[in-house]
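Heads up, the thing below is written out as structure tokens.
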Amino acid sequence: MLHRPFTNTKQFEELQRFGARHIVPLLRGYSPFPLGVVFVLTMRCNMRCEMCVQSELRRDYVHHPEQELSLAELQGVLDDLRRSFPLKPLIHVSGGEPFLHRDLFPFLRGIKARGFRCSLTTNGYLLEGKAQELVEIGVDRMNVSLDGPEAIHDRVRNTPGAFTRAVAGIQAVAKHKAEKDFQRPRVTINSVITRENQPYMAEMIAVAQRAGAQGISFQHLKFADDEAGDLHWVDVERLLAEMPQLTRQASAAGLTLTFFPRLSSHQIRNYYQRPAAELGGYCLMPWFVMRIRLGGEISPCSGYVVDNVRTKTGTLRQVWNSPRYRAFRQNLARQGILATCGRCCHRQYP
């Protein structure tokens, strides 16, 4: 599952490109405030997806309830964020599968009660029974993962009934929005491009329309290795030829369509057909996004931990520009992307 915490990807990418050229070299690792905060509530998941980069991490994972932040701890982080930064960041909730966290809904209510915008990513398996509460809480955006028509999605997800349940969940959200005359949450279907579902991308537009989604995002596969993408059997030339037609079909269906990351034709060929080390690129996410990971770890990205909400001695404002955080940003600005960045879905490509 890929996570997209920002509501306007194009504007964010333009901000990154401008910042990389003109601002970051002058900041010495400093950033005034985060635009987004991602909460990874749990590592638990009720699916075993073939392409999920968390699958290996989860293989030997043993859940202990104390690993996950409690409601009191989560609310404490929200209060700290509200005090720490003059501009309220967008709060994005992810996992694992966030619906498996025992305090998800009180946490969502706390986010909205404190005036934050909120989005979440889910596989949709439990969505139908949660739809009414999500609408009533006022969650702003929701990403639901659907990776192909029913037979393909269920096989990729290794979960019989996954497609039917996710579609029913999206339809339930649409129903409760209509009953209350609400516009939120805006629902986007996330569909990772793989060799199994590539022939059915146009069909996914029809699925999104019938389900009552407002958008669909076709997401380039995040490789878990450094091999050229043709080993994953994505037909790059077919993809390039069909992208304009898919955009027109989505527009005719009243859907917003994006391809993520945003890449030119030349970049798409490089992305799938050349080693990651040859892609170039930079990343400014650590200047704009803070991650609160399982157990309270505070991380800019790439598994690097700068502090922990359970043990930190200062405010999140102090952590945001602490020596460790600034050193990480400075190193990234100086050398460009790290060796472990690969085809990370949060990278930008020049």
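Only heavy atoms go into these numbers, but all of them, side chains included; no hydrogens, no water, no symmetry mates. This one's a predicted model, so the numbers in the text were calculated from it and none came from an experiment. Each residue takes its place number in the sequence, starting with 1.
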Check your understanding: Where does the angle between the aromatic ring planes of Tyr271 and His220 fall among parallel (under 30°), tilted (30 to 60°) and perpendicular (over 60°)?
Key -> tilted

Point to revise | Shortest non-hydrogen contact between Leu134 and Met142, atoms and distance | key: CD1-SD, 3.9 Å

Check your understanding: What pairs with Ala178 under side-chain contact (heavy atoms from CB on, under 4.5 Å), at least two apart in sequence or on another chain?
Key -> none

Review point. Is the shortest heavy-atom distance from the side chain of Leu78 to the side chain of Ile111 under 4.5 Å?
Key: yes

Practice item. Would you please name every residue forming a salt bridge (charged side-chain N to carboxylate O under 4.0 Å, His left out) with Arg102, sequence neighbours left out? Key: Glu68

Revision key, fill the gap. Heavy-atom nearest pair, Gln214 first then Pro185, reads OE1-O, 3.9 Å

Check your understanding: Please, which pairs that meet salt bridge (Lys or Arg N to Asp or Glu O under 4.0 Å) have at least one residue in residues 283-299, sequence neighbours excluded?
Key -> Arg293-Glu297

Check your understanding: How long is the gap from CZ on Phe259 to CG on Leu239, to the nearest 0.5 Å?
Key -> 6.5 Å

Review point. Are Glu73 and Arg310 close enough for a salt bridge, meaning some N to O gap below 4.0 Å?
Key: yes

Check your understanding: Would you say the side-chain atoms of His101 pair up with the backbone N or O of Leu69, donor to acceptor, closer than 3.5 Å?
Key -> yes

Exercise for review: Please answer whether the main-chain N or O of Asp307 pairs with a side-chain N or O of Thr311 as donor and acceptor at a distance below 3.5 Å.
Suggested key: no

**Study point:** Non-hydrogen side-chain atoms of Glu196 and Arg155 separated by less than 4.5 Å
**Key:** yes

**Study point:** Counterpart residues, salt bridge (charged side-chain N to carboxylate O under 4.0 Å, His left out), relative to Arg324 (two or more places apart)
**Key:** none

Study note, to complete from the structure: Rounding to 0.5 Å, atoms CE (Met290) and SG (Cys301) come to a distance of 13.0 Å

Point to revise | Separation between OG1 of Thr256 and CZ of Arg186, rounded to the nearest 0.5 Å | key: 4.0 Å

Check your understanding: When Phe328 is tested against each of Tyr304, Trp320, Trp287 for ring-ring contact (aromatic ring centres under 6.0 Å, His included), which residue passes?
Key -> Tyr304

Point to revise | Ser191 vs Gln219, side-chain hydrogen bond (donor to acceptor under 3.5 Å, both in side chains): CA-CA, chis, key distance, verdict | key: CA-CA 6 Å; Ser191 190; Gln219 306 200 340; over 6 Å; no

Check your understanding: With Lys180, which residues qualify under side-chain contact (heavy atoms from CB on, under 4.5 Å), at least two apart?
Key -> Val135, Glu136, Phe182

Point to revise | Whether over 12 other heavy atoms sit under 6.0 Å from Tyr200 OH | key: no

Review point. Would Arg117 and Asp140 pass as an ion pair if we require N to O under 4.0 Å?
Key: no

Practice item. Compare every heavy atom of Leu294 with every heavy atom of Leu41, then report the nearest pair and how far apart it is. Key: O-CD1, 3.8 Å

Study note, to complete from the structure: On a heavy-atom basis, the closest approach of Gly212 and Ala174 is O-CB, 4.2 Å

Review point. Who passes salt bridge (charged side-chain N to carboxylate O under 4.0 Å, His left out) against Glu133, sequence neighbours left out?
Key: Arg109

Point to revise | Close side-chain approach of Thr315 and Ser84, heavy atoms under 4.5 Å | key: yes

Review point. Linking I/L/V/M/F/W/Y whenever their side-chain heavy atoms sit closer than 4.5 Å, directly or via other members, would Val305 and Val289 fall into one cluster?
Key: no

Check your understanding: Is there a donor in the side chain of His92 and an acceptor in the side chain of Ser119, or the other way round, less than 3.5 Å apart?
Key -> yes

Practice item. Kindly say whether the aromatic ring centers of Phe39 and Phe107 come within a distance under 6.0 Å. Key: yes

Practice item. List for me each residue that meets side chain to side chain donor-acceptor pair (under 3.5 Å) alongside Asp103, sequence neighbours excluded, and say none if there are none. Key: none

**Study point:** Beyond-backbone contact of Leu90 with Val37, side-chain heavy atoms, under 4.5 angstrom
**Key:** no

**Study point:** CG on Leu246 to CE on Met204, rounded to 0.5 Å
**Key:** 11.5 Å

Exercise for review: Could you list the residues that satisfy side-chain contact (heavy atoms from CB on, under 4.5 Å) with Gln335, not counting sequence neighbours?
Suggested key: Asn331, Leu338

Point to revise | Arg82 side-chain N/O to Lys88 backbone N/O, donor-acceptor pair under 3.5 Å | key: no

Check your understanding: Partners of Arg248 by side chain to side chain donor-acceptor pair (under 3.5 Å), sequence neighbours excluded?
Key -> none

**Study point:** Main-chain N/O of Asp235 paired with Gln198 side-chain donor or acceptor, under 3.5 Å
**Key:** yes

Review point. What is the minimum heavy-atom distance between Cys118 and Lys112, and which atoms define it?
Key: CB-CD, 4.1 Å

Point to revise | Gln183, CD atom: more than 12 neighbouring heavy atoms under 6.0 Å | key: no

**Study point:** Stepwise side-chain contact (heavy atoms from CB on, under 4.5 Å) check, Asp147 with Phe163
**Key:** CA-CA 9 Å; Asp147 294 310; Phe163 179 90; over 6 Å; no

Revision key, fill the gap. Taken in chain and number order and not counting sequence neighbours, the residues that satisfy salt bridge (charged side-chain N to carboxylate O under 4.0 Å, His left out) with Asp80 are Lys312

Review point. Leu127 versus Tyr125: any side-chain heavy-atom pair under 4.5 Å?
Key: no

Point to revise | For Asn308, all residues meeting side chain to side chain donor-acceptor pair (under 3.5 Å), sequence neighbours excluded | key: none

Check your understanding: Between CD of Glu203 and CD of Glu150, what distance do you get to the nearest 0.5 Å?
Key -> 10.5 Å

Exercise for review: Find out whether Tyr325 and Tyr30 are in side-chain contact, i.e. whether some heavy atom of one side chain is under 4.5 Å from a heavy atom of the other.
Suggested key: no

Point to revise | Heavy-atom check, side chain of Ile216 versus side chain of Thr258, under 4.5 Å | key: no

Revision key, fill the gap. What one should report as the nearest heavy-atom pair of Leu255 and Ile205 is CD1-O, 3.5 Å

Check your understanding: Is the side chain of Asn143 donor-acceptor paired with the backbone N or O of Thr122 at a distance under 3.5 Å, no angle test?
Key -> no

Point to revise | N/O donor-acceptor pair under 3.5 Å between Ser322 side chain and Val319 backbone | key: yes

Review point. Which value, rounded to the nearest 0.5 Å, describes the distance between Asn123 atom CG and Thr159 atom OG1?
Key: 7.5 Å

Exercise for review: Give the C-alpha distance, both sets of side-chain angles, the deciding distance and a yes or no for side-chain hydrogen bond (donor to acceptor under 3.5 Å, both in side chains) between Thr42 and Glu97.
Suggested key: CA-CA 7 Å; Thr42 181; Glu97 171 50 49; over 6 Å; no

Exercise for review: Only counting residues at least two apart or in another chain, list the ones meeting side-chain contact (heavy atoms from CB on, under 4.5 Å) with Gln75.
Suggested key: Leu71, Arg114

Practice item. In sequence, state the C-alpha distance, the side-chain angles, and the governing distance for Val144 and Val187, and then conclude on side-chain contact (heavy atoms from CB on, under 4.5 Å). Key: CA-CA 7 Å; Val144 182; Val187 178; 4.1 Å; yes

**Study point:** CA sep, side-chain torsions, deciding dist, call: Ser94, Thr121, side-chain hydrogen bond (donor to acceptor under 3.5 Å, both in side chains)
**Key:** CA-CA 5 Å; Ser94 71; Thr121 295; over 6 Å; no

Practice item. Evaluate the side-chain proximity of Phe116 to Pro89: yes if any heavy-atom separation is below 4.5 Å, no if none is. Key: yes

